[in-house]
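Note that the structure is a prediction, hence the values are computed from the model and not measured. Values reported hereafter were calculated over all heavy atoms of this structure, with side chains retained and with hydrogens, waters and symmetry mates removed. Read the numbers this way: they start at 1 and go in the same order the structure lists the ligands and their atoms.
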Amino acid sequence: MSKPYDLAVRGGTIVTAADRYRADIGIRDGRIVAIADEISDAAEEIDASGLLVLPGGIDAHVHLAQPTSDGTLMADDFESGTRSAAAGGNTTVLPFALQIKGTSLRACVDEYHAKAQDKCYTDVSFHLIISDPTPQVLGQELVALVRDGYTSFKVFMTYDDLVLNDAELLQVFEVARREQALVMVHAEGHDAIKHMTRTLEDEGKTAPYYHAEAHAQIAEREATHRAISHAQLTDVPVMIVHVSGRDPMEQIQWARKRGMKVYAETCPQYIALTKDDLKGLNMDFEGAKYVCSPPPRDEDSQKAIWEGLRDGTFDVFSSDHCPFFFEAKGEIGKNNKKAKTSFKWVPNGIPGVETRLPLLFSEGVSKGRISLERFVALTSTNPARLYGLYPQKGTLAVGSDADITLWDAGRVDTIRQENLNHGADYTPYEGIQITGWPVRTILRGNTIALNGKVVSEAKSGRYQHRQVSDVYEGVVREVE
Ligand code: DUC
Ligand code: ZN
Ligand code: ZN
């Protein structure tokens, strides 16, 4: 007679965003069907004794196989990017389907699906990027896409080929409110950055390090406030992504005190790097390895970010994985411009999907800065709630997908490029010692990664159509 469970995860300590307890998990047809003191009647068992049993990581901000304005190839496609994600303890990732200016949003989404088809080790779901909010896009395409389950989209306040002006931002926000989509905002002031870039170049300051000065925190603070003001005018919830330090955080706190629904994300680069990393070895091109936007700041900002991770200013901790080959950082393909002549040509972005969870676990949980429950909230439960995947994803409960990551809280190892699975040829986190590693990643009941390596032959990741974000229902935030 067949057994009641396909798989049992036995003997571990379950941790959710709300609690932790000792129990076994019973799984059938890819879902959790029982959580009990003892589950022994399974076709297969995984011994999790001595391990923590967490919901699979959800990385809500990654860039894979995304077209770039200068033709630079991203270092990860869906295959290598999701392999890397799985090895790093993730079961779902959310990359961006980017609208190329002058083209149909729907066509871009279809093309992006074609790139992902049969290539994914983890589950995936797409945010949209709106770069060209024409009446056709705002009135028809976006409305239909949100209704089809693309319930979040990103807008940019900088970059020549992506920036929306204030009138466009307001129009897009109106559509988001009407259709109940969550708007994600890249908040950096375009004109301020351009001005700073020109000034620095005129002074001969062209090394990668000056990227950090051009993308000043003041420009981020200003844009964050402007985005919040637009959200207030249009009465729409917003998510400020990749917040880098104290100044923009204060704007977010200012808005929340006034009852506004402003949500916030931060990333590993803002706890593990500073702008000094952009100096490289001696203000040389090595610094390009750390060029991302917003850039890493200083130690006071890192301190502020930790406060925000603890006190609930931040809802989500994502990687902003945006990988380029080091060589590509120095050589811009299509325009044949040499990035070595100015920081402004260096592609913005660094890899991090595989190291996000270990870095926050080690620097946060192992060092006593945040609790395990808060770790789960920031890296799995809140992303699931905010982006319409909960409770199918983001928790361990009867009825949820059996997306589970086992953690060895005592395992000590050092981040090394040679051990990573991403496509990039370097990691900005080389040499950082990590205490606490994901040792097994289980997607819908099947082990996809073991000890940092993908073990499943099948690329069994599925596309996830999403529900409306919980922000339209009410509460997301759980604060310690
Ligand atoms: N914004 C991102 O979200 N990722 C990489 C580059 C950028 O500007
Ligand atoms: Zn961005
Ligand atoms: Zn990003």
Side-chain angles (χ1 to χ4, degrees), residues 58-70 72-76 81 84-85 93-99 112 124-131 152-164 169 172 182-190 192-194 197 208 211-212 214-217 219-220 223-224 226-227 238-245 248 263-270 273 278 288-297 316-325 328-329 332 339 343-353 355-356 383 387 422-424 428:
I58 299 176
D59 196 336
H61 185 154
V62 305
H63 304 268
L64 304 175
Q66 192 176 291
T68 55
S69 59
D70 56 33
T72 312
L73 197 66
M74 279 208 158
D76 275 315
S84 180
V93 298
L94 286 88
F96 294 83
L98 176 145
Q99 180 197 19
Y112 206 52
V124 293
S125 189
F126 303 162
H127 307 291
L128 310 173
I129 289 176
I130 315 295
S131 67
S152 51
F153 53 80
K154 184 175 177 190
V155 290
F156 284 76
M157 297 174 77
T158 188
Y159 294 126
D160 288 335
D161 52 335
L162 296 172
V163 61
L164 303 191
L169 287 170
V172 172
L182 183 57
V183 194
M184 309 161 77
V185 185
H186 180 122
E188 290 190 289
H190 192 51
I193 291 169
K194 291 228 316 206
T197 300
H211 169 82
H215 287 247
Q217 195 170 173
E220 186 182 349
T224 302
R226 189 150 41 96
V238 277
M239 160 68 75
I240 311 294
V241 292
H242 46 49
V243 174
S244 74
Y263 299 86
E265 171 200 79
T266 193
C267 314
Q269 49 267 42
Y270 309 120
L273 304 175
L278 276 78
K289 290 183 175 175
Y290 307 88
V291 167
C292 57
S293 289
R297 306 293 184 188
V316 181
F317 186 84
S318 312
S319 68
D320 194 3
H321 178 78
C322 188
F324 296 101
F325 297 106
K329 285 228 174 204
I332 306 289
F343 61 85
K344 80 176 173 206
W345 301 117
V346 178
N348 289 195
I350 58 177
V353 70
T355 43
R356 167 187 79 122
Y387 297 114
H422 62 197

Q. Cys322 heavy atoms, cut-off 4.0 Å: which ligand 1 atoms fall inside?
A. 5 (C)
**Q.** Donor-acceptor pair between Asp76 and His63 side chains, under 3.5 angstrom
**A.** no
Q.
Tell me if the centroids of the rings in His211 and Tyr290 come within less than 6.0 Å of each other.
A. no
Q) Just going by heavy-atom distances, which of Val62, Val291, Asp320, Leu162 is nearest to atom 4 (N) of ligand 1? A) Asp320
Q. Which atoms from ligand 1 have a heavy atom of Tyr159 less than 4.0 Å away?
A. 6 (C), 7 (C), 8 (O)
Q: Write down the atom of Tyr270, the atom of Pro294, and the distance for their closest heavy-atom approach.
A: OH-O, 2.6 Å
Q.
With respect to the Zn ion (ligand 2), please indicate if Phe156 possesses an N, O or S atom at a distance under 2.8 Å.
A. no
Q. Just by distance, do the side chain of Glu220 and the backbone of Ser244 share a donor-acceptor pair under 3.5 Å?
A. yes
Q | For His61, atoms of ligand 1 separated by under 4.0 Å from a heavy atom | A | 2 (C), 3 (O)
Q: Please tell me if the side chains of Leu278 and Pro296 come closer than 4.5 Å, counting only heavy atoms from C-beta onward.
A: yes
Q) Is the Zn ion (ligand 3) less than 2.8 Å from at least one N/O/S atom of His242? A) no
Q: May I ask you to check whether His242 and Ser318 show a side-chain donor-acceptor distance below 3.5 Å?
A: no
Q: Return yes when at least one N/O/S atom of His63 is nearer than 2.8 Å to the Zn ion (ligand 3), and no when none is.
A: yes
Q: Check ligand 1 against Asn348 and write out every atom of the ligand that is under 4.0 Å from a heavy-atom position of the residue.
A: 5 (C), 6 (C)
**Q.** N/O/S atom name from Asp320 that is nearest to the position of the Zn ion (ligand 3)
**A.** OD1
Q) Quick one: does Gln99's side chain get under 4.5 Å of Ile129's, heavy atoms only? A) no
Q: Using a strict 4.0 Å cut-off to heavy atoms of Ser293, name the atoms of ligand 1 that fall inside it.
A: 1 (N), 7 (C), 8 (O)
Q) Considering only N, O or S atoms, which atom of His186 is nearest to the Zn ion (ligand 2)? A) ND1
Q: May I ask whether Lys154 places a heavy atom under 4.0 Å from ligand 1?
A: yes
Q) So do the side chains of Phe324 and Met74 get within less than 4.5 Å of each other, counting heavy atoms only? A) yes
